[in-house]
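The block underneath contains the structure these notes are about, expressed in structure tokens.
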Number of protein chains: 2
Amino acid sequence: MKTLSIKDIAVKAGVSITTVSFIINGKAKDKSISEAVIKKVEKIIKESGYKPNQIARSLRTGHSNIIGLIIEDISNSFFSRIARLIEDKAYKKGYKIIYSSTENSVDKAKELINMFKSRKVDGYIISPIKGIEEDIQVLLTDNKPVILFDRNLSDIDTNYVGSDHFKASYQSIESFIKKGKKNIALVTTDIDVEQIVERLDGYKQALIDNNIPYHDDLVVKIHFNQDENETIEQMKSLFRSKEIDAVLFATNYLAISGLKALKQINKTIGEDFAVIAYDDHEVFELHTPSISAVQQPLEEIAETVIQLILSQLSSKSKLENQQVIISSKLIER
Amino acid sequence: MKTLSIKDIAVKAGVSITTVSFIINGKAKDKSISEAVIKKVEKIIKESGYKPNQIARSLRTGHSNIIGLIIEDISNSFFSRIARLIEDKAYKKGYKIIYSSTENSVDKAKELINMFKSRKVDGYIISPIKGIEEDIQVLLTDNKPVILFDRNLSDIDTNYVGSDHFKASYQSIESFIKKGKKNIALVTTDIDVEQIVERLDGYKQALIDNNIPYHDDLVVKIHFNQDENETIEQMKSLFRSKEIDAVLFATNYLAISGLKALKQINKTIGEDFAVIAYDDHEVFELHTPSISAVQQPLEEIAETVIQLILSQLSSKSKLENQQVIISSKLIER
DNA sequence: TTGAATTAGTAAAACGTTTTACTTTAAAAT
DNA sequence: ATTTTAAAGTAAAACGTTTTACTAATTCAA
């Protein structure tokens with residue numbers, strides 16, 4: 001069964017393609033198509049189950065009602081939750097989301113942007129990595145709405161939604177210090193993205209402000225994408241060799257690996273060993289003892305992102321760029 | 001800056017559009033375009049950064065190199081992990097994935113199928129729900145490759161990849177029985193999908209085969225999409241009111257809620273109260289005590305799905321439908 | 001009663017590709 | 001010296017829409 005085209009409908013209704021198109025797009029009134037014709041055509045459309053070919057439509061109009069979402073890794077719960085929220089909200093406004101993971105590869109990120117571009121997505125929501133500034137700039141000069149989230153790119157002047165990573169990190173370390181911790185470690189990753197750097201800066205600054213010397217060897221940078229077992233080994237050696245009494249994990253998956261490491265060396269979390277994870281995760285609430293975590297307000301972030309992009313999409317004139325910083329919450333458990 | 005079209009390239013190179021098209025599509029040799037022209041055109045393409053408009057391409061060719069993936073909920077780690085694996089593998093073969101969540105709504109699922117259809121995706125990977133049989137059948141009569149996974153639809157004759165839910169459930173219950181458990185509960189959901197039904201059947205059959213009477217009130221069906229707190233309350237009343245010594249959770253998110261419930265009523269898992277979760281999750285490994293789980297072989301499932309769909313896509317003739325059942329593993333912790 | 005305005009609708013161009021069927025020139029075969 | 005074949009390339013149709021500019025018929029105004 002050949003799929004129906006607008007032409008088939010036109011023929012069946014005995015009117016022109018133009019007329020059908022006007023009716024489909026709600027412009028019938030405007031273009032003075034009679035009520036009778038409208039009814040007749042609509043009936044035929046309903047009965048036949050005709051659905052306009054969006055590809056043809058996009059080719060003609062230049063837009064797609066699709067928003068591209070580029071994230072680091074959909075299997076990371078932070079991103080998958082954000083993605084779900086964004087998808088939900090976009091869907092309600094008639095937009096679809098295509099998403100794809102960069103896995104922190106600059107090449108893949110560039111490729112994704114190109115793919116989205118050649119598929120004529122209407123806007124971009126990107127959790128960016130360094131090295132794609134140029135590509136994003138091209139989108140901007142092309143007048144495409146771009147919203148960065150989670151991480152900012154300082155060289156790029158566009159919209160950004162994120163939380164205050166510096167502050168959250170700073171406060172986490174301060175909470176350790178208030179509890180009398182002295183040897184506070186930071187386990188982070190080696191990827192060079194603003195949000196990770198800020199977490200490191202917050203760590204450093206909190207130490208300095210509290211007259212605790214900063215020791216390079218208390219900061220472990222785990223190679224992104226490395227095998228988890230290796231990560232666990234690295235952490236075990238950190239936890240064993242140093243007199244650490246507290247550790248901040250800069251991402252939730254690092255914290256999870258960290259918990260595994262601690263379990264393996266039978267080190268218990270408690271009075272003399274405190275832990276905070278960045279980005280909450282179900283594991284932390286259920287862990288015994290439960291684990292404190294920096295909780296980013298996912299719902300708010302998603303809401304802001306989608307609201308920003310939709311207002312860009314609907315406004316004909318270029319809106320002013322906005323930087324929205326939403327506070328994180330330290331959930332002490 | 002207007003975006004470049006194939007025509008711009010043709011003009012710049014002083015050749016016809018046809019020639020450029022042949023070169024782009026690697027048909028230059030075939031169509032006897034001289035080496036010199038090929039080189040020249042390729043150089044211009046490289047320098048100008050021209051990327052073919054995929055929309056126009058799709059309109060003309062009728063395919064998109066996009067595979068649609070329809071799942072229940074991307075924020076569920078089972079699905080997000082599968083999605084990531086599928087995306088990865090598809091990507092390597094030059095296919096992109098568009099995914100979207102149904103949230104177990106028949107209407108949304110139908111809408112998604114329609115959206116994918118009107119966007120001319122080349123194939124469909126669907127974790128289906130009851131009520132969309134007709135829509136899937138339409139895809140099939142339309143000769144589109146469809147792979148169902150995780151759950152099968154018995155009315156539909158197409159490809160399916162999944163694990164043996166009946167068996168895994170059966171074995172889980174048997175393992176309880178071997179440990180001397182007598183009052184074994186099942187916490188499941190009320191959604192009417194084959195995979196959930198099979199888990200219930202496995203539970204029942206294992207009891208029967210071991211001469212343990214089946215009690216209706218040991219099976220709790222949690223309403224899908226209901227607020228988690230309500231779920232937790234329901235579970236608390238189950239765990240408190242009955243003399244239960246073991247419980248199988250039919251999904252990982254139910255198990256997580258269950259663990260929260262247990263924590264709230266201070267019931268500890270151990271000698272006289274055993275737990276198994278269906279679908280593994282990081283929580284279970286790290287929980288104290290760690291929680292046994294039925295582990296579906298995600299990698300294998302993803303691999304099989306993608307391999308099936310790719311072979312369908314590349315073969316001109318209709319291939320025979322395959323039902324691939326991959327065994328799950330009960331991880332005893 | 002004529003010209004203007006309104007109503008109801010349509011023909012055809014355009015979006016950017018791919019692909020079929022064709023042309024022209026040169027080389028090879030007879 | 002003619003015909004055949006091969007090499008190198010191109011014109012134009014087609015994919016399914018949207019949209020602009022148009023026509024024809026009717027009504028209205030003066």
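Computed over heavy atoms, backbone and side chain alike; hydrogens, waters and symmetry mates excluded. Numbered from 1 within each chain, the chains take letters A, B, ... in sequence-line order.
Within a 6.0 Å radius of NZ in Lys46(A), other residues, nucleotides and ligands contribute 12 heavy atoms or fewer.
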Sort me out a list of protein N/O and nucleotides 27-29 of chain D N/O pairs below 3.5 Å, or just none if empty.
none

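Between Asn53(A) and dC15(D) there is no side-chain N or O to OP1 or OP2 distance below 4.0 Å. Taking 4.0 angstrom as the limit, Arg60(A) places none of its side-chain polar atoms (N or O) nearer than this to OP1 or OP2 of dA14(C). For the OP1/OP2 pair of dT19(C) and a distance below 4.0 Å, the side-chain nitrogens and oxygens of Lys27(B) include at least one atom meeting the criterion.
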Quick tally for nucleotides 7-12 of chain C: nucleotides whose base has a protein heavy atom under 4.0 Å get B, sugar-phosphate-only ones S, the rest -, giving -BBBBB
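Here the nucleotide nearest the side chain of Thr61(A), chosen from dC15(D), dT18(D), dT17(D), is dT18(D).
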Exercise for review: Could you walk me through whether Leu148(A) and Thr158(A) pass the side chain to side chain contact (heavy atoms under 4.5 Å, CB included) test, one step at a time?
Suggested key: CA-CA 8 Å; Leu148(A) 304 183; Thr158(A) 185; 3.9 Å; yes
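As judged by a 4.0 angstrom heavy-atom cut-off over every strand, Ser21(B) is placed among the base-contacting residues.
Aromatic ring centroids of Tyr99(B) and Tyr99(A) lie under 6.0 Å apart.
Using cut-offs of 30° and 60° on the angle between ring planes, the pair Phe116(B) and Tyr124(B) is tilted.
Taking the ring centre of Tyr91(B) as origin, the terminal cationic atom of Lys108(A) falls inside the region bounded by 6.0 Å and 45° from the ring axis.
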